[in-house]
Undergrad: 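The structure is given below, and queries will be raised subsequently.
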Amino acid sequence: MSLDMVGPEPRPERFAVEEIRRSLEHERDSRLAQLRVIDDEARDAEQDFVWAQRESIQRVLRDIETAFARLERGEYGVCEDCSKPIPVERLDILPYARHCVSCCRRRAS
Ligand SMILES: [Zn+2]
């Protein structure tokens, strides 16, 4: 292959921003719906359990908001710890992922 093949065109976007925004909105809506269900059931449920559930959902909601902000700034899909790109396959599963797999493992241990 000749080097002439490398043209001056800008690199293709790594992400389809609109698509990511939609999947983030979907994630947020489903978490907000979960919170409503939890609140409806809260009267009967054990309070500690309800509190833990709310906490984990709200943590995800914060991550989703962070992902929205990073998308706006063009920083989406970059690990917050090591600044390496987060693999697209990971973002497909977890569109609000803030860290690459190895940084995530390091944090969890
Ligand atoms: Zn990382």
Side-chain angles (χ1 to χ4, degrees):
M1 195 167 39
S2 153
L3 279 177
D4 298 342
M5 297 283 290
V6 184
E9 304 97 61
R11 275 192 311 143
E13 288 287 330
R14 186 166 170 252
F15 302 109
V17 171
E18 276 311 309
E19 211 171 289
I20 291 160
R21 192 171 286 136
R22 268 197 302 277
S23 68
L24 285 173
E25 278 165 1
H26 172 79
E27 294 283 346
R28 183 173 60 189
D29 289 349
S30 64
R31 291 318 184 293
L32 290 172
Q34 274 180 298
L35 277 183
R36 281 194 294 273
V37 171
I38 289 173
D39 284 344
D40 285 348
E41 292 170 349
R43 265 163 291 146
D44 311 319
E46 197 184 323
Q47 290 305 309
D48 283 353
F49 177 68
V50 171
W51 186 84
Q53 265 193 319
R54 286 192 64 96
E55 265 299 295
S56 77
I57 293 170
Q58 270 158 352
R59 198 179 315 127
V60 172
L61 281 168
R62 281 195 294 273
D63 286 351
I64 292 171
E65 291 306 325
T66 304
F68 270 121
R70 291 167 63 87
L71 199 61
E72 297 301 323
R73 292 198 302 264
E75 293 168 5
Y76 179 80
V78 175
C79 175
E80 285 182 20
D81 280 1
C82 68
S83 300
K84 286 185 191 145
I86 301 171
V88 176
E89 306 81 66
R90 177 167 166 76
L91 292 168
D92 275 346
I93 302 164
L94 211 65
Y96 47 85
R98 298 170 65 171
H99 304 101
C100 70
V101 177
S102 56
C103 287
C104 195
R105 283 214 191 100
R106 192 167 39 75
R107 284 171 158 260
S109 62

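Order of appearance sets the numbers: ligands from 1, and atoms from 1 within every ligand. Please read all numbers here as calculations on a predicted model, not as lab measurements.
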Undergrad: Sort out for me which residue in E65, R28, R31 forms a side chain to side chain donor-acceptor pair (under 3.5 Å) with Y96.
TA: R31
Undergrad: Is there an N/O/S atom in C104 that lies less than 2.8 Å from the Zn ion (ligand 1)?
TA: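 So C104 does not bind the Zn ion (ligand 1) by this criterion.
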Undergrad: Is C103 close enough to the Zn ion (ligand 1) that one of its N, O or S atoms comes in under 2.8 Å?
TA: yes
Undergrad: Is it true that atom CZ of R73 has more than 12 heavy atoms of other residues, nucleotides or ligands lying nearer than 6.0 Å?
TA: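 Result for CZ/R73: enclosed.
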Undergrad: Check this for me, if you would: do E25 and R21 make a salt bridge, where the nitrogen-to-carboxylate-oxygen distance has to be below 4.0 angstrom?
TA: no
Undergrad: Evaluate the side chain to side chain contact (heavy atoms under 4.5 Å, CB included) criterion for residues K84 and S102: first the C-alpha distance (whole Å), next the side-chain angles of each, then the deciding distance (0.1 Å), finally the verdict.
TA: CA-CA 11 Å; K84 286 185 191 145; S102 56; over 6 Å; no
Undergrad: May I have the angle between C82 SG and C79 SG with its vertex at the Zn ion (ligand 1), rounded to 10°?
TA: 100°
